[in-house]
Amino acid sequence: MYIMGNISSVELLDHYRRGVREVRNLDIADAGETPLAGADLRGIVIKDCFVVADFTGADLRDARIDANVKTCIFANADLRNADFRNSALCSTTFVGAKMEGAMFEGAYYHGIDFEAGYLPEW
């Protein structure tokens, strides 16, 4: 099951907790709150979305994020085996994140096209 439209990150977390594991074609924003910080979002699929959110310390193991990820914070998040291939990572940070097995091939960040095996340190 997946949803379409525009939602806040509070609504995204609520949908995830109700069993929705895939979202598409959404604008997702924190709107002044940080409900995704520390959240369990294992295996979530975020596809063709525009995302502005704080995922500090979130569990995103095995997540698939193929989206425009703008000003997102993944500091200290668990991104093991997360798939960011072909995402646009604009002003995004990954400081302290667990990155083993994460995939960024084809992702783009301010003039950098990521190659297979590249893991961002910023």
Side-chain angles (χ1 to χ4, degrees):
M1 174 177 7
Y2 66 90
I3 57 174
M4 296 175 66
N6 298 329
I7 62 173
S8 70
S9 54
V10 171
E11 292 170 304
L12 175 65
L13 185 56
D14 184 54
H15 286 297
Y16 183 87
R17 288 178 175 158
R18 291 178 186 198
V20 174
R21 296 296 183 260
E22 183 173 340
V23 294
R24 294 176 180 239
N25 303 312
L26 297 174
D27 285 346
I28 303 167
D30 275 348
E33 300 178 14
T34 58
L36 302 178
D40 179 351
L41 297 167
R42 286 175 285 175
I44 195 167
V45 175
I46 300 174
K47 183 151 179 70
D48 299 324
C49 295
F50 184 86
V51 184
V52 179
D54 183 348
F55 294 93
T56 299
D59 188 344
L60 290 155
R61 284 177 284 171
D62 301 309
R64 194 172 92 214
I65 301 173
D66 181 0
N68 185 338
V69 182
K70 185 160 179 86
T71 66
C72 288
I73 303 169
F74 293 97
N76 302 312
D78 191 340
L79 302 175
R80 289 176 288 176
N81 299 313
D83 185 348
F84 285 88
R85 290 179 291 182
N86 302 312
S87 288
L89 307 168
C90 303
S91 300
T92 302
T93 183
F94 294 90
V95 174
K98 295 176 184 172
M99 308 280 276
E100 295 85 10
M103 296 167 277
F104 289 87
E105 184 175 358
Y108 176 82
Y109 180 84
H110 299 287
I112 302 170
D113 289 315
F114 295 171
E115 296 179 13
Y118 178 83
L119 297 177
E121 297 177 11
W122 23 261

Legend entry - Candidate pair K47 and D66, rule salt bridge (charged side-chain N to carboxylate O under 4.0 Å, His left out), full reasoning: CA-CA 5 Å; K47 183 151 179 70; D66 181 0; 3.1 Å; yes
Inset, instruction - Kindly determine whether I44 and L60 satisfy side-chain contact (heavy atoms from CB on, under 4.5 Å), including the steps that lead there. - result: CA-CA 7 Å; I44 195 167; L60 290 155; 4.0 Å; yes
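Among all heavy-atom pairs drawn from L79 and A102, the shortest one is O-CB, 3.6 Å. Residues L13 and P35 approach most closely at CD2-O, 3.4 Å, considering heavy atoms. Contact record, A67 with V51: CB-CG2, 4.4 Å, taken as the closest heavy-atom pair.
Paired with D48 under the rule side chain to side chain contact (heavy atoms under 4.5 Å, CB included), one option of L26, N68, V23, N25 passes, and it is N25.
The closest side-chain heavy-atom distance from F74 to V69 is below 4.5 Å. Contact of the I46 side chain with the I28 side chain is registered, since non-hydrogen atoms from C-beta on lie closer than 4.5 Å. Counting heavy atoms from C-beta outward, D62 and R42 have side chains that stay 4.5 Å or more apart. Taking 4.5 Å as the limit, every side-chain heavy atom of T34 sits out of range of all side-chain heavy atoms of I73.
The CG atom of D40 sits 9.0 Å away from atom CZ of R17, with the distance rounded to the nearest 0.5 Å. The line from OG of S87 to OH of Y109 is 14.0 Å long, rounded to the nearest 0.5 Å. Taken from CE in M103 to CZ in R64, the straight-line distance is 10.0 Å, to the nearest 0.5 Å. Between D59 atom CG and R80 atom CZ the span is 7.5 Å, to the nearest 0.5 Å. Rounding to the nearest 0.5 Å gives a distance of 10.0 Å between CG of D30 and CG of L12. Between atom CG of residue D27 and atom OG of residue S8 there is a gap of 12.0 Å, rounded to the nearest 0.5 Å.
A centroid separation of 6.0 Å or more is found between the aromatic rings of F84 and Y108.
D78 and R61 are joined by a salt bridge, as a carboxylate oxygen and a charged side-chain nitrogen come within less than 4.0 angstrom of each other. Electrostatic pairing of R24 and E22 counts as a salt bridge here, judged by a charged N lying under 4.0 Å from a carboxylate O.
When hydrophobic clusters are built by joining Ile, Leu, Val, Met, Phe, Trp and Tyr residues whose side-chain heavy atoms come closer than 4.5 Å, directly or via intermediates, Y16 is grouped together with L36.
Proximity of a side-chain donor or acceptor of T92 to a complementary backbone N or O of C90 within less than 3.5 Å is detected.
No cation-pi contact links R85 to F104, judged by a cut-off of 6.0 Å to the six-membered ring centre and 45° from its axis.
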